[in-house]
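Since this is a predicted model, take the numbers as computed values, not measurements.
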Amino acid sequence: PALYLRLQGPDGPRRPGRFPLTLEPGETLSLDTWFNHFPLPWWRAHGVPGALAFEAVLEGPATLALRARTPEAAARTLARVRSDGGRVRLPVPSVARGRLWAEIRAEGAARLVSARWAVQAAPRPVRLSLGLVTHDREGPLAETLAEVLRAAAARPEIARIWLVNQGAPFADPELRRLAADPRVTRIEQANLGGCGGFARTMVEAMQAPDLTHHLLMDDDIRLDGRMLGRAIDHLALLREPRALGGAMLDLRAPTRVHEAGATLDRFGVIRPIAQGADLATAEGLAPFAARQAEAFNGWWFFALPLPALRAAGLPPPLFLRGDDLDMARRLTAAGAPTATPPGL
């Protein structure tokens with residue numbers, strides 16, 4: 001829960017629950033979290049220009065504050081407004097810097113119906129396909145595929161799902177049922193490693209005339225399917241073509257970063273960004289108050305613009321260490337460098 005929302009009341013913290021969120025008098029809901037803060041430095045480097053704002057729909061009386069933190073200073077309040085309910089908008093000042101978040105204090109019994117970060121800009125159309133590769137990991141794959149299909153039902157931009165099985169035929173009845181969904185195309189092939197499997201999904205995506213992007217994703221991750229919608233929103237609002245990466249958290253310590261994108265030194269050595277940072281703490285979120293010069297992202301969650309992929313060329317269809325690093329460099333040369341937004 002600490003990755004999503006924080007709710008603090010006179011008697012201490014409690015879990016907020018699901019939307020719409022009920023706030024008791026005197027409680028404060030904070031979006032100062034990994035998944036709900038707004039990484040302004042990243043956005044200004046990669047997002048479309050346009051007026052930014054935090055928007056919320058409320059029932060009941062509440063005070064909303066827009067807050068910011070920079071690497072060199074304490075948190076400060078940029079704007080504050082009192083509302084008796086309805087739609088509320090807090091514009092982000094042009095002079096704002098660092099990480100942004102909103103805080104909502106209930107002045108009586110209140111409910112937060114919805115909230116979002118918004119930019120006044122026209123989104124580009126996105127038609128996304130997914131490439132999943134598996135080798136004898138039926139249990140984790142079934143969970144991942146179920147979450148992907150739930151996301152596809154909510155986001156029609158997800159047009160196709162290619163599932164490459166490089167292991168034994170599926171034995172799990174639930175996995176067979178999920179793989180038979182009409183949105184899924186199952187491909188059986190010899191075990192050519194992650195690179196060979198993902199290369200096969202790239203071939204399929206490049207032959208589909210209606211797609212704009214292709215997302216590579218591991219089979220054994222624990223996925224919040226809403227991240228697929230968040231990736232689509234980012235792809236639609238990038239200023240220039242980018243390969244979009246997602247951070248990897250540690251499944252055994254879910255508030256800790258495994259890699260939030262990475263930099264590359266001049267010898268091609270990968271330097272993970274914020275590795276080991278505890279995102280449940282202010283210190284763990286601190287690196288994202290400044291721009292990180294990410295240049296690489298693993299293929300556990302990696303969306304490629306298909307025009308750049310066609311220009312860069314396919315990876316070799318075989319076991320290859322460094323396949324993702326090689327592709328990142330070739331995509332950059334083709335005009336689509338890697339960008340990993342904090343909170344994806």
Side-chain angles (χ1 to χ4, degrees), residues 3-5 18-19 31 33-57 66 87 89-92 96 99-102 112-131 147-161 183 205 210-217 221 223-249 260-261 288 291-292 294 297 300-308 336-344:
L3 295 174
Y4 291 86
L5 297 165
R18 300 273 180 174
F19 273 80
L31 276 65
T33 63
W34 170 249
F35 284 124
N36 282 308
H37 81 277
F38 190 81
L40 191 57
W42 187 93
W43 179 260
R44 285 181 171 158
H46 301 292
V48 294
L52 292 166
F54 174 76
E55 298 178 349
V57 176
L66 181 65
R87 186 174 298 277
R89 188 172 188 271
L90 280 172
V92 175
R99 267 189 335 104
L100 307 181
W101 69 92
L112 176 63
V113 178
S114 65
R116 66 177 184 173
W117 297 98
V119 58
Q120 290 183 346
R124 291 189 183 92
V126 173
R127 289 278 290 173
L128 181 72
S129 60
L130 271 65
E147 193 72 8
V148 164
L149 290 171
R150 279 192 289 269
R155 297 299 299 251
E157 298 96 332
I158 301 173
R160 300 287 299 276
I161 301 162
R183 292 163 291 191
D210 61 331
L211 299 175
T212 62
H213 297 81
H214 183 58
L215 174 64
L216 310 177
M217 200 164 62
I221 57 177
L223 174 71
D224 180 340
R226 293 171 294 188
M227 295 300 110
L228 295 175
R230 184 168 290 191
I232 290 166
D233 292 339
H234 277 82
L235 291 169
L237 292 167
L238 290 171
R239 187 168 62 246
E240 298 171 334
R242 293 285 184 270
L244 196 75
M248 174 67 79
L249 308 185
F288 307 102
R291 183 187 171 189
Q292 303 293 324
E294 69 273 21
N297 199 98
W300 48 74
F301 196 99
F302 187 70
L304 307 87
L306 286 172
T338 297
T340 301
L344 179 63

Heavy-atom pair with the smallest gap, counting every atom of [X] and [Y]:
| X | Y | answer |
| --- | --- | --- |
| P341 | A339 | CD-O, 3.6 Å |
| A151 | G225 | CB-O, 3.5 Å |
| P337 | R242 | O-CD, 3.3 Å |
| P305 | H213 | CA-CD2, 3.6 Å |

From [X] atom [atom1] to [Y] atom [atom2], the distance as rounded to the nearest 0.5 Å:
| X | Y | atom1 | atom2 | answer |
| --- | --- | --- | --- | --- |
| L66 | F54 | CG | CZ | 8.5 Å |
| I232 | R230 | CD1 | CZ | 12.5 Å |
| E147 | D224 | CD | CG | 6.0 Å |
| D233 | E157 | CG | CD | 7.5 Å |

Just jot down the salt bridge (Lys or Arg N to Asp or Glu O under 4.0 Å) partners of [X], sequence neighbours excluded, or say none.
| X | value |
| --- | --- |
| R124 | none |
| R239 | none |
| R87 | none |
| E55 | R89, R116 |

With a 4.5 Å heavy-atom cut-off, do [X] and [Y] have their side chains touching?
| X | Y | answer |
| --- | --- | --- |
| F301 | L344 | yes |
| F38 | V92 | no |
| N36 | L3 | no |
| L130 | L228 | yes |
| L128 | T212 | no |
| R226 | F35 | no |
| I221 | M248 | yes |
| V48 | L238 | no |

- Message: Donor-acceptor pair, distance only, cut-off 3.5 Å: does the side chain of E294 make one with the backbone of T340?
- Response: yes

- Item | Side-chain donor or acceptor of N297 paired with backbone N/O of G246 under 3.5 Å | yes

- CA sep, side-chain torsions, deciding dist, call: L31, Y4, side-chain contact (heavy atoms from CB on, under 4.5 Å): CA-CA 7 Å; L31 276 65; Y4 291 86; over 6 Å; no

- Task: Applying side chain to side chain contact (heavy atoms under 4.5 Å, CB included), name anything that partners A205, two or more places apart in sequence or on another chain.
- Result: S129, W162, L211, H214, L306

- Query: With sequence neighbours excluded, what pairs up with F19 under the side chain to side chain contact (heavy atoms under 4.5 Å, CB included) test?
  - Reply: L5, L21, L112

- From CA spacing to verdict: ring-ring contact (aromatic ring centres under 6.0 Å, His included), F288, W34: CA-CA 9 Å; F288 307 102; W34 170 249; 5.0 Å; yes

- Message: Using the rule given for side-chain contact (heavy atoms from CB on, under 4.5 Å), can you reason through W42 versus L40, listing the C-alpha separation, both sets of side-chain angles and the distance that settles it, and then say yes or no?
- Response: CA-CA 5 Å; W42 187 93; L40 191 57; over 6 Å; no

- Item | Full working for side-chain contact (heavy atoms from CB on, under 4.5 Å) between F302 and M217 | CA-CA 7 Å; F302 187 70; M217 200 164 62; over 6 Å; no

- Message: What verdict does the side-chain contact (heavy atoms from CB on, under 4.5 Å) test give for L52 and W43, after you've listed the backbone C-alpha separation in whole Å, the side-chain angles of each residue and the deciding distance to 0.1 Å?
- Response: CA-CA 10 Å; L52 292 166; W43 179 260; 3.7 Å; yes

